[in-house]
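Please read the structure below before turning to the comments.
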Amino acid sequence: MTQETATEDHDVFWDTSKDKQEKKKKPARKSEGKAAKEKKNEEKSGHKNKKEKAKKADNEKKEETVNKEEAKKKKDKNKVNGGVSVKMEFEDEDFASLEKPVKKGKKRVRMEEAEDTVKSKKKKIKIEDDKEEPGKEKRSKKLDEKKKKIKKEPKEEKVDKPKKKTKEERDAAIALKVKKKEEEEAARWRWWEEEKYEDGVKWRFLEHKGPVFAPPYDPLPPHVKFYYDGKPFQLRLPAEEVAGFFAHMLDHEYTTRDVFRNNFFLDWRKEMTLEEKTVITDLSKCDFTEMHTYFKAKSEERKNRSKEEKLKLKEENQKIVEEFGYCLLDHHKEKIGNFKIEPPGLFRGRGDHPKQGMLKKRILPEDIIINCSKESKIPEPPAGHKWKEVRHDNTVTWLASWTENVQGLAKYIMLNANSKLKGEKDWEKYEVARKLKHHVDNIRKTYRDNFKSKEMKIRQRAVALYFIDKLALRAGNEKEEGETADTVGCCSLRVEHIKLYPELDGENHVVEFDFLGKDSIRYYNKVPVEKKVFKNLQLFMENKQEGDDLFDRLNTPMLNKHLQSLMEGLTAKVFRTYNASITLQQQLEELTDPEATVPEKILSYNRANRAVAILCNHQRAPPKTFDQSMANLRTKIEARKEQMALVKKELKEAKKQANESDSEKLRKLLESKKKALQRTEEQIMKLEVQATDREENKQIALSTSKLNYLDPRISVAWCKKWNVSLEKIYNKTLRDKFAWAIDMAESDFYF
DNA sequence: TCGAATACTTAGAAACCGGCCT
DNA sequence: AGGCCGGTTTCTAAGTATTCGA
């Protein structure tokens, strides 16, 4: 099968536990494999529906142009590299001609202009192929299908978990649900069936009400006091507010850290009056506990509000959401992702952040830039205020922006993930990743060749790319020292982040990675690498010491420029998307047992998802309640097992009786016992599967990859193929975000 | 010709909420 | 009826990639 060809290739490249000799042989077979793959794909399109076929044809057309471009590029490249490669043959091991290590930022290597950088955004990959079709009938037919589906689903649910309500109630609830779903579906903007805008234009009409500001400071009641050096001390409002931010966090580990405390204290003092400043000179003499207790009591109070109060509050909230939570974009109402301005507080940088604890100031309308259509109703600033600026830039997607004071970075108000603007981009992202599939063999060959380049920067680039591809490392942009936590990605790796073992645990050429990546999440991995990679790493580390860059002649713009020349639209992060999605597809194929029950299939899905999460190093802190909840589950299973034993006994008894005398009643009893046994067995199985799943998931976060890396069409197709309802895999948010994929992917979708 | 600025995606933690159990 | 638990949603920090402008 087509799939196998592809996944096999991938598997060998990936599975680091396998013998490397096998891997080395691989490239020779690759082009062959690819040709076969493509042919199979063609055959496959034979039994696709019209829409698909049209798409396919179009794709091929595009593929052709791309290939032409590729060919041209390759030719040009050969002009440059060709000479080098001849030289390379006898200079391969001649490291003497390679440049000496450089310190990045001081002696930056001049960026080599790519020969034929394919630019001009206008050429950017057009992704929709079927949208130009008129296909109005088709559309309405689709809608009908949708409706049918919608009507069916809740019934299934009913069977799944019967509720303890009266029949009428249940029916009413279901009817309501169906209605709501239908309405939602009818209101959905099926933008993926429309033509794309000219390049750079993000919208033609945009109207919104502006952001919602944080509520004003609510002062402490007089009886709640702050103490300095054991004595009550009355703070003025500005200092009191900031003290409150700290008091709120008192039982958080942050407040025990020196950096956090120092930064807080420094910024707090800036809010103090001269008198306050004179008295309050030592944070350790500050006692916030009374404030802390008060805040806690207040939040408790909030939780214990009466039903009516809660309802009222909810309604009020709803009103705000209704008014400010949506915008009008090209005739469609779209949900805004973050319409509330971030309230003031203490900066909670992740990891060892040098600025943690600093004061995040309150944002005022005077800080806000509004972006909307000229001809739209311009949002009104709150009474007595004005906006910093109102602009009308339809080449960007944000509705409002401001500059945050801690790091001086821009913040934006943008649309929700289910919006056209986000969805289209997401779709495009997966299309680029799918395109990489057709180029990846070539690219891998190229970087392998480059392992022996006589130019240091090309070798470094090749090895970095190898890591990005094989290990799904992030690109690793440069960051300003001292401004953020010390974290790295591929290009910013330093010599102390890797260790080289010519031999380790029976494997040759092992590299041990140990560094903090995004969000200061530790990446730790021991990987056997190709010999050439190993030798190069040794070379890169020569004459360097801790703190020096491993790839001293490489940075992300250089890497991306190179990638751009290999494939239009290709950047370092595409490899993560590509490898994540292709891994999911391959794992699903491997792990799904057609005979398995639905819960077992879901476990397989989660395992496939998990493989991706591990690849991408998506971790989470084990939930605080993990051990407890695990124990609870075990108890539940035990209880069920006991129940099963009981039912078994009863069944035996019933059988015996039925054998002795044959009556209608006894037969019925026997039947019901049999069913009961089956039910318990199923329940136990379900619970056990759940337990396994949870255990395996202790420190792994599946959500990030599901949300950002896995082409949703793979999951949708899998559900269709195996008759698993999509709700079991995707929650409401995900289904909303991926509406485009749910609509277009059939069970034969192939990434 | 860089470093800075800009715009957007990706990330884990925390808050929230609703269903279930006692 | 209330509290607990787990999934969902919200929040905002931290990345990537590209463009801008001194």
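Here is the naming used below: chain letters follow the sequence lines, and residue numbers restart at 1 for every chain. Here the structure is a predicted model, which is why all the values come from computation and not from measurement.
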Would you tell me if any nitrogen or oxygen in the side chain of [X] comes within less than 4.0 Å of OP1 or OP2 on [N]?
{"X": "A/Arg576", "N": "C/dA17", "result": "no"}
{"X": "A/Thr556", "N": "C/dT16", "result": "no"}
{"X": "A/Asn560", "N": "C/dA17", "result": "yes"}
{"X": "A/His252", "N": "B/dA13", "result": "no"}
{"X": "A/Asn477", "N": "C/dG15", "result": "no"}
{"X": "A/Gln356", "N": "C/dA13", "result": "no"}
{"X": "A/Thr397", "N": "B/dA7", "result": "no"}
{"X": "A/Lys411", "N": "B/dA7", "result": "no"}
{"X": "A/Lys303", "N": "C/dG3", "result": "no"}
{"X": "A/His618", "N": "B/dT10", "result": "no"}
{"X": "A/Tyr709", "N": "B/dT9", "result": "no"}
{"X": "A/Lys479", "N": "C/dG15", "result": "yes"}
{"X": "A/Arg474", "N": "B/dA11", "result": "yes"}
{"X": "A/Lys314", "N": "B/dG18", "result": "yes"}

How is [X] classified with respect to the nucleic acid when contacts are heavy atoms under 4.0 Å: base, sugar-phosphate, or nothing?
{"X": "A/Thr487", "result": "sugar-phosphate"}
{"X": "A/Glu404", "result": "nothing"}
{"X": "A/Arg302", "result": "nothing"}
{"X": "A/Gly489", "result": "nothing"}
{"X": "A/Ala485", "result": "nothing"}
{"X": "A/Gly337", "result": "nothing"}
{"X": "A/Ala475", "result": "sugar-phosphate"}

Here's a test of your reading of the structure: between A/Arg620 and A/Trp398, which maps to the more 5' nucleotide of DNA chain B?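 Taking each residue's closest nucleotide, the earlier one in sequence belongs to A/Trp398.
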Could you check A/Lys202 against A/Cys616 and say which one's nearest nucleotide on DNA chain B is further toward the 5' end?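 Comparing both residues, the 5'-ward one is A/Lys202.
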Return the 5'-most residue of the pair A/Arg694, A/Gly476 with respect to DNA chain C, ranking by each residue's nearest nucleotide.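 Whichever sits nearer the 5' end wins; that is A/Arg694.
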Judged by each residue's nearest nucleotide on DNA chain C, which is more toward the 5′ side, A/Thr484 or A/Asn731?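 Result: A/Asn731.
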Say whether, by atom type as modelled, one donor and one acceptor occur between the side chain of A/Asp426 and the main chain of A/Lys422 under 3.5 angstrom.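 Answer holds: no.
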Determine whether a donor-acceptor pair (N or O, by modelled atom type, separation under 3.5 Å) exists between the side chain of A/Asn405 and the backbone of A/Leu359.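 A pair under 3.5 Å: yes.
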Rounded to whole Å, please give me the gap between [atom1] in [X] and [atom2] in [N].
{"X": "A/Tyr523", "N": "C/dG15", "atom1": "OH", "atom2": "P", "result": "16 Å"}
{"X": "A/Glu483", "N": "C/dA13", "atom1": "CD", "atom2": "P", "result": "15 Å"}
{"X": "A/Lys296", "N": "B/dA15", "atom1": "NZ", "atom2": "P", "result": "12 Å"}
{"X": "A/Glu480", "N": "C/dT16", "atom1": "CD", "atom2": "P", "result": "16 Å"}
{"X": "A/Ile336", "N": "C/dC11", "atom1": "CD1", "atom2": "P", "result": "13 Å"}
{"X": "A/Leu473", "N": "C/dT16", "atom1": "CG", "atom2": "P", "result": "11 Å"}
{"X": "A/Asn418", "N": "C/dT10", "atom1": "CG", "atom2": "P", "result": "11 Å"}

Under the side chain to side chain donor-acceptor pair (under 3.5 Å) definition, can you give me all pairs with a residue in residues 697-706 of chain A, not counting sequence neighbours?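 Counting only pairs at least two positions apart or across chains, the side chain to side chain donor-acceptor pair (under 3.5 Å) contacts touching residues 697-706 of chain A are A/Asn609-A/Ser705, A/Arg610-A/Asn697.
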Going by the angle between their ring planes, with limits at 30° and 60°, are A/Phe513 and A/Tyr523 parallel, tilted or perpendicular?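 Perpendicular, since the angle between the ring planes exceeds 60°.
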Which residue, A/Glu404, A/Glu241, A/Glu342, forms the salt bridge (charged side-chain N to carboxylate O under 4.0 Å, His left out) with A/Lys360?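 Exactly one option meets the salt bridge (charged side-chain N to carboxylate O under 4.0 Å, His left out) with A/Lys360, and it is A/Glu342.
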Please say which of A/Lys435, A/Lys429, A/Arg434 ends up in a salt bridge (charged side-chain N to carboxylate O under 4.0 Å, His left out) with A/Glu431.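 Answer after filtering A/Lys435, A/Lys429, A/Arg434: A/Arg434.
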Tell me which one of A/Lys479, A/His353, A/Arg350, A/Lys518 satisfies side-chain hydrogen bond (donor to acceptor under 3.5 Å, both in side chains) with A/Thr487.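 In the set A/Lys479, A/His353, A/Arg350, A/Lys518, the residue that makes a side-chain hydrogen bond (donor to acceptor under 3.5 Å, both in side chains) with A/Thr487 is A/Lys479.
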Has the side chain of A/Lys518 got a donor or acceptor that lies under 3.5 Å from a partner of the other kind on the base of B/dT10?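 Answer is yes: a donor-acceptor pair is held.
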